[in-house]
Amino acid sequence: MSRVLRVTLAVLTALGLLVLASSYFVSQTLNEWFERDLAGRADLALAGARDKLVEDWSGTSTTRMTALLTALTHDERLVAAAACSRAGSLLAATTEWPAEVSCNTIARHVRPAAGAPASEWTTWRSGVQMEGGPAHLSAMPLIDRGTPLGFVLLLHDFGFAERREARIQQLLVGTFAVLAGAASLLTIVIRRASWHGWTNEIRRMLRGDVHRPEFQPLMGDVRELIDRISVERDLDGTGGAWTPQRLKDSLRRYLLGERIVVLANREPYIHERQADGSVAVKHPASGLVTALEPVMRACSGVWVAHGSGSADRESVDAQDRIAVPPGEDDYVLRRIWLTPQEEQGYYYGFANEGLWPLCHIADTRPVFRSGDWDTYRDVNERFADAACQEMDADDAIVLVQDYHFALAPRLIRERKPRATIITFWHIPWPNFERLGICPFTEQILHGLLGSSILGFHTQFHCNNFFDSVDRFLEARIDREFDAVIYGGVRTLIRPYPISIDWPNRWALATPSVDQCRRELFAELDLPADTLLGVGVDRLDYTKGIEERLLAVERLLQRFPQYRGRLVFVQLAAPSRSTIPEYRALRDRLDVVVKRVNDEFGSGSYQPIVLRRSHHEPPLVFRYLKAAHFVYVSSLHDGMNLVAKEFVAARDDEQGVLVLSSFTGASRELAESLIVNPYDLDEASDALAAALAMPEAEQRVRMHAMRTFVAEFNVYRWAGRMLRDAERLRRRERLAGRFEGRAGDLPGLEA
Ligand code: ADQ
């Protein structure tokens, strides 16, 4: 039975009982009132005739007495009257007096005692049936100076009382029926309002003139989020926000150490030789670096990465190390040097022409070459060796990052069996059919399952991983604890949606919206009333940049009011440009930009501005802050941190995020306008909705997203992994002890 039905039935039953109880009390009260009324009327009637009746009582003529009694019945409710002797014989009666009511029977009930006051009527149902119901009989003793003479009987028509009572009962039931209906209706409305209240609100907001229901988040995602928030709040017992200090404390408390080793291809700081001969320190355009760098600042330790900058070698010491961030020296960067052949085979070849397109559904065919695979394996060995060198204890914590190092976890495990190896896969994990395209699938799974913990952004990717293991390996899958037991090693497979630091240091350092707009508009030569859309990405085919520009074109075709006012600026950091697919994308973008600007541009007005270069974070954040909307249109993305950076930048709680449903972020940022980037009509509708969105609505949405990202920041991401690592260690230690093993080997199956 539905909840609505149950609630309605309960309300109706309660009201039914109320009707019964009320009708009983109403009936009782009415009877009392009517009987009192009858007695009053009888008193009045008798008062005038009393003396004359006493006078005639012992006389022989009954005619006067009958006339007196008939005069009594002129009252509309008195039907008949009679006078009875003390012994119970009829002295006189009106013509209507019913024969069945005898003085004799009544005398037994009304025996006037000598000396008794003569003022009380006794009333009861007579058994005589009148037209409208039963007649009532009242008897009054007649006493003359203390001597009882007999009694007077009056027969009342009580039908009127019955009729009134019935009418009042009907009114009562009718009123309660109306109340019951209204109460049920109200219950249903309240229940529906509380179930769908805020989604209806969002739906209403989303509709407006141009909003479409498709933009709204999936309820399942929203519910999952709410569940996550409440579970997360209970975890760890300490509650409150995750900060760098809390992460540091957790590291100490959980893992009895502070130093961690990160293994990642991309380095957090790149030293680049400039044209004038000076060396500049650059922040790479990389989501991995964006997320992990604040964690390393908080935790300290060593970051092992490929030294890719033109001035990197001359910046390090004899052990290839350098303290970073420059001037703050929170942790150490250890650089690994790769030959151009190694870089080609491992990075461009196997990782980015093979694994990257394999894991992203973006219609790019993966290319696997055995030579690239060999190089990939060799480079993984070199990095694993370097990571092991950097460990300060046998059971140190190593964070292995991303698809560049699928083999490293196993290689580290072989060298350091007691290490806690936490691997995070920053991109999606494909389904097993697609994964099977890779000729080295089993080796990759074997490598990853050297980890203690293997993290993905979403549960969906974890599920895909379990399916892959099931399909390709002889391994045990422990669904209860979300683990894979393979070759004696237990690996937890868990979702850890990644995030950014909060408070975000770049956002804090960015000037006000007005200043950002003023400066950027001046630089781009835009009028002050320009509506600014922004996109920020590496120039990668998975980011849907082409689809984004096509959506802008569609917007200008369908909503002419924005021609001449809307300018969309795309910042596109060059990425992997030696790979043909990336070069082809660059060329395609040029064609789209030219076409749109030719068609809709005029004079100095260019609707699309494509900035194909790397921008340092302060400038990226100025664009994010100046934007009226940001469109993140990835065709497939593990998370997408630009979406979260936009939210962090907007401390004015203005600006609209239009977000592809194929990003991990769309599971979390439910208040964005969520679209299918392939559907250009839908996407252009969303862009129009963003441009027309009232400030109040922008504030509500942005506020909600900021609250979420503040809560689920990158410190929480790292803290959750460390906490799970600690639990795993404890479990393995216990298992080792009970098995009577010599050592407690973390990561090993009991
Ligand atoms: P990325 O593919 O690098 O990350 P993303 O998460 O969006 O994608 O991060 C990109 C980062 O680079 C952001 O910090 C952004 O500000 C910066 N950036 C982008 N364009 C830039 C430009 N033109 N100039 C300068 N900086 C720029 C991978 C996965 C993602 C996952 C992250 C983290 O592909 O799905 O979210 O790792 O796990």
Side-chain angles (χ1 to χ4, degrees), residues 262 264-266 268 270 282-295 351-352 355-357 359-362 399-404 423-429 455-458 461 495-501 504-507 510 534-545 548 569-577 582 586 589 609-625 627 630-649 657 659-660 662-669 709 712-714 717-718 721:
V262 166
N265 171 72
R266 185 63 64 211
I270 304 177
K282 300 253 163 109
H283 301 82
S286 154
L288 181 155
V289 171
T290 301
L292 222 63
E293 212 271 333
V295 172
N352 284 313
L355 290 180
W356 179 267
C359 294
H360 288 93
I361 305 169
L399 304 183
V400 178
Q401 302 301 307
D402 228 355
Y403 61 100
H404 311 94
T423 303
F424 192 77
W425 195 262
H426 289 257
I427 61 175
W429 187 269
F456 296 95
H457 291 296
T458 67
H461 299 150
Y496 301 100
I498 209 164
S499 195
I500 56 172
D501 55 327
N504 185 276
R505 67 192 157 122
W506 301 118
T510 310
V534 167
V536 180
D537 310 80
R538 286 183 303 101
L539 215 163
D540 193 300
Y541 52 82
T542 62
K543 301 294 179 184
I545 303 171
R548 189 177 311 164
V569 178
Q570 174 65 50
L571 307 184
S575 181
R576 306 166 196 169
S577 28
Y582 287 76
R586 190 191 57 197
L589 290 185
V609 177
L610 176 61
R611 291 268 155 119
R612 249 191 354 233
S613 61
H614 176 81
H615 293 71
E616 281 295 290
L619 188 52
V620 170
F621 272 76
R622 282 161 106 88
Y623 273 100
L624 295 177
K625 203 150 179 180
V630 163
Y631 182 18
V632 171
S633 53
S634 305
L635 306 181
H636 202 189
D637 216 328
M639 175 55 68
N640 194 293
L641 294 181
V642 175
K644 292 186 176 178
E645 287 174 330
F646 174 51
V647 168
L657 175 63
L659 184 58
S660 158
F662 305 121
T663 60
S666 69
R667 313 282 158 114
E668 301 192 312
L669 304 179
V709 181
F712 289 89
N713 58 29
V714 78
W717 171 79
M721 288 196 295

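Counting starts at 1 for both ligands and their atoms, following the listed order.
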If we only consider heavy atoms of Lys543, is any one of them less than 4.0 Å away from an atom in ligand 1? yes
Candidate pair His636 and Thr542, rule side chain to side chain contact (heavy atoms under 4.5 Å, CB included), full reasoning: CA-CA 6 Å; His636 202 189; Thr542 62; 5.5 Å; no
Test Tyr631 against Arg548 for side chain to side chain donor-acceptor pair (under 3.5 Å), laying out the working first. CA-CA 7 Å; Tyr631 182 18; Arg548 189 177 311 164; over 6 Å; no
Decide, yes or no, whether a salt bridge links Arg266 with Asp402 under the criterion of side-chain N to carboxylate O below 4.0 Å. no
Heavy atom of Ser613 under 4.0 Å from ligand 1? yes
Quick one: which ligand 1 atoms are inside 4.0 Å of a heavy atom on Ala572? 23 (N)
re atom 16 (O) of ligand 1, the protein heavy-atom contact at minimum distance is Glu645 OE1, 2.6 Å
Using a strict cut-off of 4.0 Å, indicate which atoms of ligand 1 neighbour a heavy atom of Leu571. 23 (N)
Short N/O distance, under 3.5 Å, between Asp537 and ligand 1? yes
Starting from atom 34 (O) of ligand 1, what is the nearest protein heavy atom, named by residue and atom, and what distance separates them? Asp637 OD1, 3.5 Å
Quick check on Arg611: does its CZ atom have over 12 non-hydrogen neighbours (other residues, nucleotides or ligands) under 6.0 Å away? no
Which residue and non-hydrogen atom of the protein lie closest to atom 6 (O) of ligand 1, and at what distance in Å? Leu641 N, 2.9 Å
Can you sort out which atoms of ligand 1 are near Ile498, meaning under 4.0 Å from one of its heavy atoms? 33 (C), 38 (O)
Atoms of ligand 1 close to Thr290 [distance to a heavy atom under 4.0 angstrom, numbered from 1]: 11 (C), 13 (C), 14 (O)
Ligand 1 N/O within reach of Trp356 N/O, cut-off under 3.5 Å: no
Can you find an N/O atom of Val536 closer than 3.5 Å to an N/O atom of ligand 1? no
The atoms of ligand 1 lying under 4.0 Å from a heavy atom of Gly638, numbered in the order shown, are 35 (O)
Tell me, with the steps shown, if Leu657 and Val630 meet side chain to side chain contact (heavy atoms under 4.5 Å, CB included). CA-CA 5 Å; Leu657 175 63; Val630 163; 4.3 Å; yes
Test Val536 against His615 for side chain to side chain contact (heavy atoms under 4.5 Å, CB included), laying out the working first. CA-CA 9 Å; Val536 180; His615 293 71; over 6 Å; no
Please confirm whether His457 approaches ligand 1 to less than 4.0 Å, judged on its heavy atoms. yes
So which heavy atom in the protein is nearest atom 22 (C) of ligand 1, and how far is it from that ligand atom? Ala573 CB, 3.5 Å
Write out the residue and atom name of the closest protein heavy atom to atom 26 (N) of ligand 1, then the distance separating them to 0.1 Å. Ala285 CB, 3.4 Å
Could you check atom 36 (O) of ligand 1 against the protein and tell me its nearest heavy-atom contact, residue, atom and distance included? Asn640 N, 2.9 Å
For Ser575, all residues meeting side-chain hydrogen bond (donor to acceptor under 3.5 Å, both in side chains), sequence neighbours excluded: Arg538
How far apart are the C-alpha atoms of Trp717 and Leu292, what are their side-chain angles, what is the distance that settles it, and do they pass the side chain to side chain contact (heavy atoms under 4.5 Å, CB included) test? CA-CA 10 Å; Trp717 171 79; Leu292 222 63; 3.4 Å; yes
Starting from atom 3 (O) of ligand 1, find the nearest protein heavy-atom neighbour and note its residue, name and distance. Gly287 N, 2.9 Å
How far is atom 29 (C) of ligand 1 from the closest protein heavy atom, and which atom is that? His426 O, 3.5 Å
Pairing residues for His457 by the side-chain hydrogen bond (donor to acceptor under 3.5 Å, both in side chains) criterion, not counting sequence neighbours: none
